[in-house]
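Please read the structure below before turning to the comments.
In the text below, chain A, chain B and the rest are named by the order of the sequence lines, each starting its count at 1.
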Protein chains: 2
Amino acid sequence: MAATIKDIAKKTGLGLATVSSYLNGGNVREKNRILIEAAIQELHFEVNEVARGLKTNRTKTIGVVIPELNNVFCAEIMTEIEDIMRNHGYALVICDCRTDGIRECDAVEFLYRKRVDGLINMPVNLDGRHLRCFLDAGRPIVLIDRRLEGVDCDCVLVDNLEAAGQAVRIFLRNGHTRIGMIGGPTDVFTGQERLTGYRNALIEAGIEPEDRLIALGDYTIRGGVRCMKELLAGNPDMTAVFVANYEMTMGAVIGMNEMGIRMGEEISMIGFDNAEFARACNPKLTIVSQPIREIAWNAAELMLERLRKCGRRNEPGKEPSVCPGRVVKLATGMLEGDSVRNLAG
Amino acid sequence: MAATIKDIAKKTGLGLATVSSYLNGGNVREKNRILIEAAIQELHFEVNEVARGLKTNRTKTIGVVIPELNNVFCAEIMTEIEDIMRNHGYALVICDCRTDGIRECDAVEFLYRKRVDGLINMPVNLDGRHLRCFLDAGRPIVLIDRRLEGVDCDCVLVDNLEAAGQAVRIFLRNGHTRIGMIGGPTDVFTGQERLTGYRNALIEAGIEPEDRLIALGDYTIRGGVRCMKELLAGNPDMTAVFVANYEMTMGAVIGMNEMGIRMGEEISMIGFDNAEFARACNPKLTIVSQPIREIAWNAAELMLERLRKCGRRNEPGKEPSVCPGRVVKLATGMLEGDSVRNLAG
DNA sequence: TCATGAATCCGTAACGTTTCGGTTTTGCAA
DNA sequence: TTGCAAAACCGAAACGTTACGGATTCATGA
């Protein structure tokens, strides 16, 4: 039914190879170019990417495994990456592993079998075992948001230490000293880093971090609610709380609401991510904002670069990706609202 | 490098066709089955889906075009659909068109060229012109959330009239009569329907809908803020507002906050979608909730059914998808919070 | 043991590209 | 005009699978 390269070769009287060469940007004599283009028009020819893929061993497709599509941070990054990659002819196959290690393994394996050219992953598993197949095959991997020890690949992170530090210092500047934190799981990279950043900033200011002021959740709304209630119950003297991700920020707000405590008056608060939610809070919530666009741009760029240099079937001799993994670390921002009370004023 | 079907044919001494038959669930003698399985183990063989795709003219991939990934409603549906489709061996290529008609066309064309087996679309364009290529090729389409006049394909909707009606009747039951509405664009299917539902419910209760109580936004947060402020400024007697999608609900809450008006006291409110946001509001927001799981399940099931019956290359004679488009309409729920004040009490 | 139908098996020809190597054509200087 | 390198062209052989039609094998009953 659909026209093939053969048809247009026949129609133009040219050879297969010439047409193919034209399609791939090769040089073709002017009059032949016109001939070919006319034939393509007339027969509505479009190259069969599958056949091409079989021959070139590239699918022009890249896989993505993320913990939760239904999560503004992930979704926003995906939107941006998808845009960039599609402009370069790459389709994005997105797999949501629901923050489950097993599902993550399954997803990676699925994508491997689908022969995606590369993998972008916001990892849930702590070791890189689930990435083995891509690593072994020399297909490029870019990690986002979380680093993985012992896995040599590109990686885009934010400066979590500094993000938490900034938040704590805002509290300090406004006269707060009993500053609580709702942190993430200590076995998650960002959870660790943000907690460390909080601790360091306190110590720098001469304040000894206290365990009773730290509640660790699991990055879920439910966890945020629980943590906030715990902190409130256990620390009547606490005046401020820093929350280390978006879901728990929402949870913390819910928790305060349910306890009948007014944010920004009785308890000051700094949350994380999602400017929209922050604006919707009353009073407006101060948050750490992550540079979504930059994260996405860097991830896409790292991936595209790898794809450009390596990946052909018969790479002559040398291993393709001997170039070691690069790490990009980006700065976060602070979106100031009215949720931090000045104790001096 | 990687083992092919030929290798395992050679290893086992069997023919190509026999191995292929085994791989596709055909019957093979017990001893050969064992032979083949051993060879597959030993050579780490896995079928090349691209080659298979070339031969069968199926990519086991389906395309999705949505207006906004960064939108809880879309994202949640995608998560569910992805899960189901992947369990059936289908990869999801998701394209975000950012609520832009041109981008939507581009995305559909991109997916068509990528030769996805089917298309799931939450359409932005009003006519179905962007779907032409899939329609002509007889590749299945499933629309979500919005119907398209004149396009014959499967479609999963919710009962928007009833959703809006329920909201209005809750207000009425609590003694409200001056009920405002923040609606979507009238050229968007759901926008139309929800507005009609609101109007009908009022008329049914003997109240004449008034234009001054209706503000139309563009389904964005910004729009929600603007509409809420407009309504508040123009209608000092208004006691309740129904908001017709999630983003505008968030906007409306922001708007009220910024005007210093307490939700559930001065103004009662019913929003849309996203139970999490509703819980985070103070007081808890009453919302219309859409049956995400059911929407996703139905869309996936409709798609899978089409894929099962049609699509092979040389369908003998008959057009594959003569079976006309089916429309599934699902009921919404109501998640009651404390944002509707009883004027009688 | 033989015939017989059913169940398996097999070789080969596609599917639509790219690529290898060799051949023809072109443009240009002599 | 001729010579010659460079540019453009070409056919055929892959890439790894499926599917057709015919060949082989099997179990079974006479």
Worked check of salt bridge (charged side-chain N to carboxylate O under 4.0 Å, His left out) between B:Arg86 and A:Glu109: CA-CA 12 Å; B:Arg86 177 140 52 93; A:Glu109 207 195 315; over 6 Å; no
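Take A:Glu294 and apply the salt bridge (charged side-chain N to carboxylate O under 4.0 Å, His left out) test, not counting sequence neighbours, and it matches no residue. Legend: residues meeting side-chain hydrogen bond (donor to acceptor under 3.5 Å, both in side chains) with A:Thr4, ordered by chain and number and at least two apart, are absent. Every residue was checked against the side-chain hydrogen bond (donor to acceptor under 3.5 Å, both in side chains) condition with B:Glu46, not counting sequence neighbours, and none meets it.
Backbone-only engagement by A:Phe45 is indicated by non-hydrogen atom pairs under 4.0 Å involving sugar-phosphate atoms exclusively. Across all strands, B:Glu30 comes closer than 4.0 Å to no nucleic acid atom at all (heavy-atom distances). Here A:Val50 lies out of heavy-atom contact (under 4.0 Å) with every strand.
When the P atom of C:dG16 is taken as reference, atom NZ of A:Lys10 falls 12 Å away, rounded to whole Å. Note: CD1 (B:Ile8) to C1' (D:dG16) measures 13 Å, nearest angstrom. We find that CG of B:Leu23 is positioned 15 Å from C1' of C:dC9, with the value rounded to whole Å. For A:Asn57 and D:dT17, the CG to C1' distance is 14 Å, given to the nearest whole Å. The distance from atom CZ of A:Arg33 to atom P of D:dA7 is 19 Å, rounded to the nearest whole Å. In this structure, the CG atom of A:Asn24 is 11 Å from the P atom of C:dT17, given to the nearest Å. When the P atom of D:dG16 is taken as reference, atom CZ of A:Arg113 falls 18 Å away, rounded to whole Å. Counting to the nearest Å, the C1' atom of D:dA14 and the CG atom of B:Leu16 are 15 Å from each other.
Among pairs with a residue in residues 66-78 of chain B, none fulfils salt bridge (charged side-chain N to carboxylate O under 4.0 Å, His left out), at least two apart in sequence or across chains.
At least one donor-acceptor pair closer than 3.5 Å links the side chain of B:Arg146 to the backbone N or O of B:Pro123.
A sub-4.0 Å separation between OP1 or OP2 of C:dT8 and a side-chain N or O of B:Asn32 is absent. The side chain of B:Ser20 places an N or O atom within less than 4.0 Å of a non-bridging phosphate oxygen (OP1 or OP2) of D:dT18. Contact annotation: B:Thr18 reaches the phosphate of C:dC10 (side-chain N/O to OP1 or OP2, under 4.0 Å). In this structure, A:Asn27 reaches the D:dA8 phosphate: one of its side-chain N or O atoms is under 4.0 Å from OP1 or OP2.
Comparing C:dT18, D:dC10, D:dT17 against the side chain of B:Arg52 picks out D:dT17 as the nearest. Which of C:dG11, C:dG16, D:dT17 sits closest to the side chain of B:Ala17 comes down to C:dG11. The nucleotide whose nearest atom lies closest to any side-chain atom of B:Ile5 is, among D:dT18, C:dC9, C:dG16, D:dT18. Taking every side-chain heavy atom of A:Leu14 into account, D:dC10 is the closest of C:dG16, D:dC10, C:dA13. You'll find that the side chain of B:Leu54 is closest to D:dG16, out of D:dG16, D:dT17, C:dT8.
Between atom CZ of residue B:Arg306 and atom CG of residue B:Leu304 there is a gap of 12.5 Å, rounded to the nearest 0.5 Å.
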Pairs of donor and acceptor atoms involving the side chains of residues 115-122 of chain A, under 3.5 Å and at least two apart or interchain, shall be tabulated with distances.
{"unit_1": "A:Asp117", "atom_1": "OD1", "unit_2": "A:Thr59", "atom_2": "N", "d": "2.9"}
{"unit_1": "A:Asp117", "atom_1": "OD1", "unit_2": "A:Thr59", "atom_2": "OG1", "d": "3.3"}
{"unit_1": "A:Asp117", "atom_1": "OD2", "unit_2": "A:Thr59", "atom_2": "N", "d": "3.3"}
{"unit_1": "A:Asp117", "atom_1": "OD2", "unit_2": "A:Lys60", "atom_2": "N", "d": "2.7"}
{"unit_1": "A:Asn121", "atom_1": "OD1", "unit_2": "A:His130", "atom_2": "NE2", "d": "3.1"}
{"unit_1": "A:Asn121", "atom_1": "ND2", "unit_2": "A:Val65", "atom_2": "O", "d": "2.9"}
{"unit_1": "A:Asn121", "atom_1": "ND2", "unit_2": "A:Glu104", "atom_2": "OE2", "d": "3.2"}

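At a cut-off of 3.5 angstrom, counting only N and O atoms as typed in the model, there is a donor on one side and an acceptor on the other between the side-chain of B:Lys55 and the base of C:dA14.
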Could I get a table of every N or O pair under 3.5 Å where one atom is in the protein and the other is in nucleotides 22-29 of chain C?
none

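Place A:Val28 and B:Ser21 on DNA chain D by their nearest nucleotides, and A:Val28 ends up nearer the 5' end.
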